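To start, the structure under review is shown below, and the notes come after it.
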Amino acid sequence: MQTIHTHEDTVKKIDLLVSDDQMKLFAHIEPREYYRRVTLEELLDEIHKVVPADLVDRRVVNDIWLNLRLGLVCEHRRVAIGKEPNGGKDAKLVWLVRRFSPGQGDDVEREFADFFTLGLFENVEKGTEIARVYKAGEGAAGVDVFGKVIPAEAGKTVEIKWDKSVLVQTDESRPHYTSIVAANSGYVHHQGNLASVRDTIHLPSNLDGSIGHLDFLGNVTIAGDIQKGFHVKAGGNIFVKGAVLGDNKLSSKGSISIAGYHIGSQDSSVSAAGDYSVGLAQGVVADVGGDLYIETEARDCAFFSCGGVLASKATIIGGSIWCVRGIEAKSIGNDVGLRTEVGLRTEIEVTPGYRKLSNSITRHEAALAALELHIGPYLENRARVPLLNQEFRTKMIDLLSKYDQVSSSLEKLQEQLEEMKQGAPKVEEATVSTREYMYAGVVLSAGDIELDLKENVHGPVGYQFKTETHEWKRGDFKSIERK
């Protein structure tokens, strides 16, 4: 402490001392000969010569005055104190969505996959408010014991960097915080002081039990295989560098590309709004909004494409393919005459809705045929039914009632099918071409017109469906143009 003021008279000797931080004032007062004459105002006047009156503790000074009138020494009593500044509140980042924040491990992307399975972040649509940054407070200034202003420290700001995938928005109606909005769809990735909205999930290895099914509104890239029984749904593209091992449901609003082989089953399906590309496919059922690319082989598959089939280095064996723009392949069928169906259809006919309706009509027609066999002549001569004995009459009435119900349902389905066909384009004059062979057992169709090949045909060769004459014509090989 440092003495900053001294005064002595016949009543007292007073020393005022300040602390090193200049926030406290202490008084040392000794009585003199006429100490009984001391007044409270005298003591306050001396103290006010040094510090502002509003910082003086009058209760302490009053106690000192009472003791001094008794002849007691005041030993360094604190008589005034300054006001410490109040620092502002730190800025605060509040997340409004679950996000992925990887740890410091070496296998960051694997950790990502585990977090994805646990649902610790969520799909984020473009325009979604993902976070709020509450501004730092300015704080309140203080004063030292002499009344000198001590400025307050503002709160700390949030140390985070945003990339172009987010928008920082301010609004005069809410000045206390700033909104952070997703500039594109995806998931929020937050690591260290960096944050972004990413539109692609990258898995560095297999999609398996340690990860689970994926349902993401952006792109999905899988460096390994999709193990049996695991499904992927994507709002963007799906790219698999490995294989798809069966019982998988793949759905994409973009394209699906599988570099390895793709094994299908009764419990698997493929739906791509864009293209579908595969190295080797077996038993795959696929609905494709774009073109279909086969690298080496497609065996016993059911492909339905609104585009064409580009497989100039691949063989297509068994199964069926419906497409709009035609096919080019290395060969179709095999040397043992396995039935392989290739159909040219309109864009409506290859859709799942049209096929479902057609299949339902086929089932109804089969049911009617079976009922006709059981009903026999009573179908055309119902007047004879009341003449039958009771047991047989009751059975026949039930069969006729069921026949009428199925027949009525079939008519409605046929009406729906005709409505779908109205305004639909005709089958294009597309070509089914092979470079090496088109084997016996291959069945080409366009609508109801079929061409069943009875002998092997050496390539290069192409069969084109002529819409004017409604017949198949053999001609030259024709490549399918890429879109």
Side-chain angles (χ1 to χ4, degrees), residues 89-137 155-223 226 230-240 249-256 271 273:
K89 286 186 177 181
D90 292 341
K92 186 178 181 181
L93 172 62
V94 178
W95 290 102
L96 304 180
V97 298
R98 295 189 304 276
R99 68 203 186 281
F100 166 58
S101 297
Q104 301 301 317
D106 295 333
D107 198 356
V108 172
E109 291 291 351
R110 168 61 67 179
E111 186 175 353
F112 161 81
D114 295 338
F115 272 84
F116 187 90
T117 307
L118 296 174
L120 298 184
F121 64 95
E122 61 191 273
N123 287 319
V124 173
E125 297 282 357
K126 179 180 179 181
T128 301
E129 186 181 18
I130 61 173
R132 291 177 178 176
V133 178
Y134 288 85
K135 296 181 179 179
K156 295 180 180 179
T157 58
V158 172
E159 296 296 330
I160 191 166
K161 295 181 181 179
W162 311 97
D163 67 8
K164 294 181 180 180
S165 64
V166 300
L167 300 175
V168 180
Q169 298 180 347
T170 58
D171 191 330
E172 293 181 357
S173 64
R174 42 174 177 75
H176 55 294
Y177 70 85
T178 299
S179 291
I180 309 301
V181 177
N184 55 258
S185 299
Y187 71 94
V188 177
H189 186 277
H190 180 206
Q191 185 173 14
N193 67 338
L194 301 175
S196 61
V197 178
R198 298 186 178 181
D199 63 0
T200 301
I201 285 176
H202 296 277
L203 298 186
S205 55
N206 297 334
L207 177 65
D208 53 25
S210 67
I211 298 170
H213 309 306
L214 290 183
D215 185 349
F216 182 56
L217 52 71
N219 304 313
V220 174
T221 298
I222 300 171
I226 299 180
F230 293 95
H231 313 316
V232 180
K233 182 179 180 181
N237 301 321
I238 298 173
F239 177 58
V240 182
K249 291 180 172 59
L250 307 182
S251 176
S252 170
K253 292 183 179 179
S255 297
I256 297 176
S271 177

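Predicted, not measured: the structure shown is a model, and the values here were computed from it.
The shortest distance between side-chain heavy atoms of Trp95 and Val188 falls below 4.5 Å. Within the 4.5 Å cutoff, no side-chain heavy atoms of Asn219 are placed close to those of Ile238.
The nearest pair of heavy atoms linking Leu217 to Val124 is CD2-O, 3.7 Å. The minimum heavy-atom distance between Lys135 and Thr178, with the atom names listed, is CE-OG1, 4.0 Å. For the pair Val133 and Val158, the tightest heavy-atom approach, listed with the atom from each and the gap, is CG1-CG2, 4.0 Å. Residue His190 comes nearest to Ile160 through the heavy atom pair NE2-CD1, 3.8 Å, listed as atom of the first residue, atom of the second, then distance. Minimum heavy-atom separation, Gln169 to Arg174: O-NH1, 3.7 Å. A pairwise comparison of heavy atoms in His231 and Leu207 identifies O-CD2, 4.2 Å as the closest pair.
Residue Lys253 places its NZ atom among 12 or fewer non-hydrogen atoms of other residues, nucleotides or ligands, all under 6.0 Å distant.
The backbone N or O of Lys161 sits nowhere less than 3.5 Å from a side-chain atom of Asn193 that would complete a donor-acceptor pair. For Ser165 (side chain) and Ala183 (main-chain N/O), no donor-acceptor pair under 3.5 Å exists by modelled atom type. At least one donor-acceptor pair closer than 3.5 Å links the side chain of Asp90 to the backbone N or O of Lys156.
When the options Ile201, Asn123, Val197 are evaluated for a side chain to side chain contact (heavy atoms under 4.5 Å, CB included) with Tyr187, the one that passes is Ile201. Among the candidates Leu214, Thr221, Val232, Ile226, the single residue satisfying the side chain to side chain contact (heavy atoms under 4.5 Å, CB included) test with Leu203 is Leu214.
One distance of note links NZ of Lys126 with OG of Ser185; it measures 7.5 Å at 0.5 Å rounding. In this structure, Phe230 CZ and Ile222 CD1 are separated by 11.5 Å, a value rounded to the nearest 0.5 Å. Within the model, atoms CG of Leu93 and CD of Glu159 stand 12.0 Å from one another, a figure rounded to the nearest 0.5 Å. Within the model, atoms OG of Ser271 and CD1 of Ile256 stand 7.0 Å from one another, a figure rounded to the nearest 0.5 Å. In this structure, Leu194 CG and His189 NE2 are separated by 9.5 Å, a value rounded to the nearest 0.5 Å. Rounding to the nearest 0.5 Å places OG of Ser252 at 11.0 Å from NZ of Lys233.
Ring geometry for Tyr134 versus His176: interplanar angle of 30 to 60°, hence tilted.
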inquiry  = Apply side-chain contact (heavy atoms from CB on, under 4.5 Å) to residues Ile180 and Val168 and explain how you reach the verdict.
reply    = CA-CA 5 Å; Ile180 309 301; Val168 180; 3.9 Å; yes
